[in-house]
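Throughout, a chain's letter reflects where its sequence line sits, starting with A, and its residues are numbered from 1. As the structure is a prediction and not an experimental result, all values here were calculated from the model.
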Protein chains: 2
Amino acid sequence: MSEDKLQEAIGRLKHASVRITPQRHAVLDFLINAKSHPTADDIYKALEGKFPNMSVATVYNNLRVFREIGLVRELTYGDASSRFDYNTSKHYHVICESCGKIVDFDYPSLDEVESLAEKVTGFEVSHHRMEIYGTCPDCKTTH
Amino acid sequence: MSEDKLQEAIGRLKHASVRITPQRHAVLDFLINAKSHPTADDIYKALEGKFPNMSVATVYNNLRVFREIGLVRELTYGDASSRFDYNTSKHYHVICESCGKIVDFDYPSLDEVESLAEKVTGFEVSHHRMEIYGTCPDCKTTH
DNA sequence: TACACTAATTATAAGCATTATAATGTAAGA
DNA sequence: TCTTACATTATAATGCTTATAATTAGTGTA
């Protein structure tokens, strides 16, 4: 139930001494219930009805806060806007190169790759990122 | 020998009907001999002695051309500038989160992941990207 | 409940990488 | 050499994100 997720997220914010403002609450709520992986601007637009005076900087600031305490993951793709993903479970993403759609993809984490990289490069590895690119079913048919 | 690589690259440009201009030649030469993974600005700065009037747009234009014919790979990291990698062999990258250093890392391509993603999502997969993040040996010691 | 302190929000401007535009210059085949 | 289409240049514009400074508002404490 997403209400539980929201409460848990708020608990983590309190624990990190982050103030719960109405804007923060709304951004978090939106992210948790988002089916897609919204951009900062998606979130801004979605909430401007509720918060006509909200600044886009507020959205960015809050997303940064959420990212820093690990509530949210930021997906970056060069030029295009970042997308934000509420961090429920570990998963990868499959991205359509035609329409930009992002689909979650469960796969066991590539721990073996990380440990081999540590051995070979001498790095202390913290994490990795992997994405798969292609054409989604919709774009395949309509080409 | 990097001279051979350069000649082969020029051959591929000719084959793709891309004109060989002095600027193009210089960007390509720089990329092939680069030990690191330079940004567009790195390349621009490195060549401004030789081409005082070269525009930064030229660097970007040429990098795009090289990418489109598969000579060069573009590595994107959200806000930061893209980095460009002369496409010799398939490999992954290990990136230092402290100093930004990028190290090549050989690992067998994750074809299995791609094919599973195709099955699960219905996408027609074209490629994937994977990077490993951590702290490099230099940054570990000097913390 | 009221106070005070500190952090968050707002509005705006700035920053930065990258791309678009239009005029000029030039590679390469005839 | 000539011609033409493409590349380069200089500059402006774009778009995402962050910085700034002033105002507003959470939250712990009295």
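Residue contacts for A/T21: at a heavy-atom cut-off of 4.0 Å it reaches the sugar-phosphate backbone alone, with no base atom in range. Across all strands, B/P22 comes closer than 4.0 Å only to sugar-phosphate atoms, never to a base (heavy-atom distances). Looking at heavy-atom distances under 4.0 Å, B/A80 makes no contact with the nucleic acid at all.
One finds a salt bridge joining A/R129 and A/E131 here, because a Lys/Arg side-chain nitrogen approaches an Asp/Glu carboxylate oxygen to under 4.0 Å.
Minimum interatomic distance between A/F66 and A/V27 (heavy atoms only, all atoms of both residues): CE1-CG1, 3.8 Å.
At least one side-chain nitrogen or oxygen of A/R24 sits closer than 4.0 Å to the OP1 or OP2 atom of C/dT9. Contact check, B/S82 against C/dA17: no side-chain N or O comes under 4.0 Å of OP1 or OP2. OP1 or OP2 of C/dT9 has at least one side-chain nitrogen or oxygen of A/N62 nearer than 4.0 Å. The shortest distance between the side-chain N/O atoms of B/Q23 and the OP1/OP2 oxygens of C/dT26 is not below 4.0 Å.
In summary, contact between chain B and DNA chain D, defined as any nucleotide atom under 4.0 Å from a heavy atom of the protein, begins and ends at D/dA5 to D/dT18 in the 5' to 3' direction.
Ring-centre distance between A/Y92 and A/H128: below the 6.0 Å cut-off. Ring centers of A/F30 and A/H25: at least 6.0 Å apart, outside the cut-off.
Nearest-nucleotide mapping onto DNA chain D: of A/V56 and B/S17, the residue sitting toward the 5' end is B/S17.
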